[in-house]
Amino acid sequence: MELSAKYNPAETEDKWYAYWLEHKFFHSEPDSREPYTVVIPPPNVTGILHMGHVLNNTLNDVLVRKARMDGKNACWVPGTDHASIATESKVVAKLKAEGIEKESLTREEFLAHAWEWKEKHGGIILNQLRKLGASCDWDRTRFTMDPDLSEAVINTFVYFYEKGYIYRGVRMVNWDPVGLTAVSDEEVIHRDTTSKFYHLRYFISDGNGNPTDKYLVIATTRPETIMADAAICINPADERYHWLKGKKVLIPLINKEIPVIEDSYVEMDFGTGCLKVTPAHDVNDYEIGIRHNLPVIDIIDNHGRLNEKAQILVGEDRFEARRKIEQMLQESGNLEKVEAYTSPVGYSERTNAVIEPKLSMQWFLKMEDLAKDALESVESGKVKLIPDKYRNTYRHWMENVRDWCISRQLWWGQQIPAYYLPDGKVVVAPNAQKALEKALEINPSVKAEDLRQDPDVLDTWFSSWLWPISVFDTNKAGHPDAEPNRDLAYYYPTNDLVTGPDILFFWVARMIMAGNEFMNDVPFRNVYLTGIVRDKLGRKMSKTLGNSPDPLKLIEQYGADGVRLGMLLCSSAGNDILFDESQVEQGRNFCNKIWNAYRLVNGWNTDESAKQSEAAAVAVQWFGNKLNAVLETVEDHYSKFRLSDALMTIYKFFWDDFCAWYLELVKPAYGCGIDPVTYDATLKFFDALLKMIHPFMPFITEELWQNMAPRKEGETIMLQRMPLAGTYDAKVIADFEMACGAVVAIRGIRQQKGLSPKETLDVVYGQGFPEGMLPVVVKLANVKPQFNAAGTVEGSAVSFMVGTVKMSVPLTGLVDEQEEIAKLEAELKHQEEFLAAVRRKLSNEKFVSGAPEKVVAMERKKEADSLSKIESIQAALASYGK
RNA sequence: GGGAGCAUAGCUCAGUUGGUUCAGAGCGUCUGCCUUACAAGCAGAGGGUCGGGGGUUCGACUCCCUCUGCUCCCACCA
């Protein structure tokens, strides 16, 4: 079959992916083989593929394909996450663009829109993963809001409620005024933000609500909250302010009288030492308020606007109010000064809105016991984090975790299965029917229509923490005592999880908790934490910067294999990935290299009568040994999750060893056929190489594997067994490397002296050269070798060392004798210095007695080698009469 | 404010219990080549006091201290 000069991925990728699907090669069912299980970190259902997904899923696919070729029953479960806040805000925005406000819709109407949106965009990212070559078991695709998965989430809630882990209460939570929901601590990102530090004068009251001329100064970043002040607080030890004890002060602008209280929380040397206490709008102030029994005056509404309790600036946005109140305070004489100030401000991870600490009624999950077990799972090594450094971070988080706020004031998600009776009592049950049964126990006269379900939904992570369980068995979550179904029993725990460190706590830690709770076993053995994909300048990829390439365009341009390779080449676990398109180019080039190597071999005709040449025989022997050595190295890299090292090892093995050396050695003379022995060996090697490359580059390897021999329908490289490392003779490999050294040196001499490769040269080799390797030098360096113990020759010659063997190329008339002598003398000097250093070491009593025998022996070998080199250099110099 | 990590060639990174002739790889660069698979290629070459300083050791890229620079995580000083 005639092959084009360049590999064309577009022609092959869709074809083979369809073939794989058609034959259900990705599908897994429990059987007697050892399972290898991976669950995908479910991307947001309405998301589109970005470079982070490419990295993650390429790594996953490599692991899965490798395991499959190792004969394991590999199962990679794909799916998507409903991503409640992200999806809901997208739907809200879309409706808004159509002139529809969420508030004008009923819950049911809104959800109808949301589902419509989900149906429209839901499959996109999964189809994009197919383009990448991901070998997911698509028959097992799950969505975190599939009815049975949602049921599992509800059961889990009920389970923890009944266990006493879930409670409801008014707490200061992180309020997102744009997303209009509470968010968990983990969803708040603190960023240093420059703002103003306002120094405000609070006048002392005369006792009747009138200002005296005395005042104190407080410093605040949030002057718009002064109307919610409940007290002024000083440190009891602060003598500067003892005169304030028992006094009352007036809030500026509204002249409301508030007490001065004392609490050691106040730092005397920060700000002015006076703190305004605003229990409704600051976590610490809230705590102080509780200690001192202060009223809570909430003046900010859900949208972040001042409400009527503020008395002034009602309806203004908090930031607008801040600007305006600054002006008002200035005019009223209450503003002493304004300083620039940088402090950490919390932003919503999802909407980027400034988080408003807000008191509200929320549901919480107690974390203490769960975290303890989850910490133990990692500390004991039951779950391994790769790289290991994340253990510290993990431990720190686990030891300081606070209760998890699991309610969200959203509609898209699993609605909390809590039902309120008319009197406000609450029952928790998996459905309305069961809720009614429970309600009747409390109040026998209650009717179904009297019950009102909590309108909030659960945090998305409250569903995704069940993922490794619920994708297999939706009944087990919430029912630790239930028998796992066949799938769960077989596939759980999964083997490896590939994900980003940014969701170590959001997701990984919580999956471990859920696994321990419901399965009494961890959900995975290894967690491979990738880096974050950045551009080549080290910047995070973002839409606003426009520095994120579109993976699909890259695939179109370079092929999926090229993109996968480009991604893998620069990815070591845990390090951030600096992605550059040139790496994808390198991937494409490698495809082309493989393609052309195949074209060469494919074009050979066997000549049954031809005898195997010496060079080919040596090459086949060497390459067979080298193959085993490389397989061993690659296997070692895999076992340590060093996937980019495994890839690079194979890359060099193919490009350098196979193409540059092996193929050049066995290549028949122009117009001649190849002997059958060498041909068969070459095909065998090529077959092994394709299998080794396949996990990284599935498409091109399938294309060539299918092409290299007649295949039956239903055969595929992806189900072939990965070649196993056999024994090898290290001496053969080392000898071959010596021959290569000689070839390189002679090529260098040719280039230096301007000699054509076609001109056969004489070469003299000294004692120690592996004579069996001479055919290599003869063929690739075009030389006629001769032996001479010293490796020197009478008359003009260029000499060089290969290991400890001296070699010379006699070149009458082309050698500058002085130059050659100078070179030899320099070499001699260097060698003598080296020898002296070695001997210094060896004459050091402490070294000889202290260092391990092996090291000392090595030094003695260095000494001997050095001596023999010096000898041959001297011999060469002697030939010049020196 | 607390904690962790990183710093090796122009770039991105290996260097796995301190010891092989160990200072490496890939890419880029330079030089010469359209040599009958591949110019998306072939052949060759150059390039680093392993961030600075100190210490431990017979021996340090590797261990300890310190300084400098960067990154990340956690955190309620208004």
Side-chain angles (χ1 to χ4, degrees), chain A residues 3 5-7 172 185 190 197 218-222 233 265-267 269-272 274-278 282-287 341 343-344 346 357 387 389-394 396-397 400 501-502 504-505 532 536 538 558 562 569-572 574-580 582-583 585-586 588-604 636 640 642 644-645 648-649 651-652 659-660 663-664 667 669-671 744 747-752 754 756-758 803-804 834 838 841 844-852 854-859 861-862 865-866:
Chain A
L3 296 170
K6 285 188 169 47
Y7 171 59
M172 188 63 88
D185 294 336
H190 294 273
F197 211 24
I218 62 102
T220 179
T221 53
R222 302 203 59 189
C233 190
Y265 166 77
V266 179
E267 299 284 337
D269 53 1
F270 186 82
T272 62
C274 288
L275 171 70
K276 75 187 199 63
V277 183
T278 319
D282 185 280
V283 184
N284 301 303
D285 292 13
Y286 180 67
E287 300 294 327
Y341 184 65
S343 62
K389 64 179 177 183
Y390 284 105
R391 270 174 58 169
N392 289 325
T393 329
Y394 182 87
H396 186 260
W397 191 77
N400 295 285
D502 49 333
L504 187 55
F505 309 127
I532 291 166
K536 64 175 168 182
Y558 297 102
L569 279 171
C570 57
S571 61
S572 49
N575 288 340
D576 281 359
I577 313 302
L578 280 87
F579 179 83
D580 184 11
S582 71
Q583 290 152 354
E585 213 170 297
Q586 191 185 344
R588 177 204 56 183
N589 294 354
F590 187 46
C591 287
N592 214 40
K593 188 71 186 175
I594 299 169
W595 183 258
N596 277 297
Y598 181 75
R599 279 213 305 150
L600 174 68
V601 175
N602 186 52
W604 285 342
D636 183 55
K640 293 170 182 154
R642 296 166 157 250
S644 59
D645 287 345
M648 186 47 69
T649 304
Y651 176 94
K652 284 191 285 190
C659 293
L663 288 180
E664 291 302 328
K667 200 190 255 186
Y670 184 64
V744 167
R747 282 171 178 167
I749 290 166
R750 277 187 199 277
Q751 167 146 337
Q752 211 182 338
S756 160
K758 288 178 181 137
T804 56
F834 179 78
V838 172
K841 231 182 201 181
N844 181 335
E845 185 50 41
K846 281 181 176 170
F847 172 74
V848 179
S849 57
K854 229 173 70 186
V855 177
V856 178
M858 192 52 64
E859 288 303 313
K861 180 167 189 315
K862 281 190 205 172
D865 286 354
S866 184

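Just so you know, these numbers use all the heavy atoms, side chains as well, and skip hydrogens, waters and symmetry mates. Naming: A, B, ... by sequence-line order, numbering from 1 per chain.
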Requested in this report: Identify whether any heavy atom of K640(A) sits under 4.0 Å from a base atom; if not, whether one sits that close to sugar-phosphate; answer base, sugar-phosphate or nothing.
Outcome: base
Report task. For A851(A), answer base if it contacts any base atom (sugar-phosphate contacts may also be present), sugar-phosphate if it contacts only those atoms, and nothing otherwise; contact means non-hydrogen atoms under 4.0 Å. Result -> base
Query raised in the report: Checking all strands, does V283(A) fall into the base, sugar-phosphate, or nothing category for heavy-atom contacts under 4.0 angstrom?
Result: nothing
Query raised in the report: Given rG41(B), is OP1 or OP2 found less than 4.0 Å from the side-chain N or O atoms of Y7(A)?
Result: no
**Report entry** Per N592(A) side chain, nearest of listed nucleotides rA78(B), rC38(B), rG19(B)
**Finding:** rC38(B)
Query raised in the report: Taking the side chain of F847(A) as heavy atoms from C-beta outward, which of rC27(B), rC58(B), rA78(B) is closest to it?
Result: rC58(B)
Query raised in the report: Which of the following nucleotides, rC58(B), rA78(B), rA37(B), is nearest to the side chain of A597(A)?
Result: rA37(B)
Query raised in the report: What nucleotide, of rG19(B), rA78(B), rA40(B), holds the atom closest to the side chain of R588(A)?
Result: rA40(B)
Query raised in the report: Is the shortest side-chain N/O distance from K667(A) to OP1 or OP2 of rA37(B) below 4.0 Å?
Result: yes
Report task. Answer with base, sugar-phosphate or nothing: what part of the nucleic acid does Q751(A) contact at a heavy-atom distance below 4.0 Å? Result -> base
Query raised in the report: Of the nucleotides rC58(B), rU21(B), rC74(B), which one has an atom closest to the side chain of M858(A)?
Result: rU21(B)
Report task. Could you please name the option among rC42(B), rG19(B), rC77(B) that lies closest to any side-chain atom of K593(A)? Result -> rC42(B)
Requested in this report: Would you indicate what S343(A) reaches in the nucleic acid, counting non-hydrogen atoms under 4.0 angstrom: base, sugar-phosphate, or nothing?
Outcome: sugar-phosphate
Query raised in the report: Ignoring hydrogens and angles, are the base of rA45(B) and the side chain of Q752(A) linked by a donor-acceptor pair under 3.5 Å?
Result: no
Report summary line: Of the listed rC77(B), rA37(B), rU36(B), the closest approach to the R599(A) side chain comes from rA37(B)
**Report entry** Watson-Crick and G-U pairing of RNA chain B written in dot-bracket, each distance under 3.5 angstrom, with | for inter-strand partners
**Finding:** (((((((..((((.....[....)))).(((((.......))))).....(((((..]....))))))))))))....
Report task. For Y558(A), report the nucleic acid contact type (base, sugar-phosphate, nothing); a contact means any heavy atom under 4.0 Å. Result -> nothing
Requested in this report: Would you please confirm or rule out a distance under 4.0 Å between OP1 or OP2 of rG15(B) and any side-chain N or O of R642(A)?
Outcome: yes
Report summary line: Closest to the side chain of Q586(A), out of rC77(B), rG26(B), rC73(B), is rG26(B)
Query raised in the report: Touch check for V277(A), heavy atoms < 4.0 angstrom, all strands: base, sugar-phosphate only, or nothing?
Result: nothing
Report task. Return the orientation label for the F505(A) and W397(A) ring planes: parallel under 30°, perpendicular over 60°, tilted otherwise. Result -> parallel
Query raised in the report: What nucleic acid atoms does F590(A) come within less than 4.0 Å of, heavy atoms only: base, sugar-phosphate, or nothing?
Result: nothing
Report summary line: Hits for salt bridge (Lys or Arg N to Asp or Glu O under 4.0 Å) against K593(A), two or more places apart or cross-chain, chain-then-number order -> none
Requested in this report: Name the nucleic acid region contacted by K6(A), choosing base, sugar-phosphate or nothing; use a 4.0 angstrom heavy-atom cut-off, strictly under.
Outcome: base
Query raised in the report: Checking all strands, does D580(A) fall into the base, sugar-phosphate, or nothing category for heavy-atom contacts under 4.0 angstrom?
Result: nothing
Query raised in the report: Start at the 5' end of RNA chain B and walk down; is the nucleotide closest to N844(A) or to H396(A) reached first?
Result: N844(A)
Query raised in the report: Is P852(A) touching bases, backbone alone, or none of the nucleic acid, heavy atoms closer than 4.0 Å?
Result: base
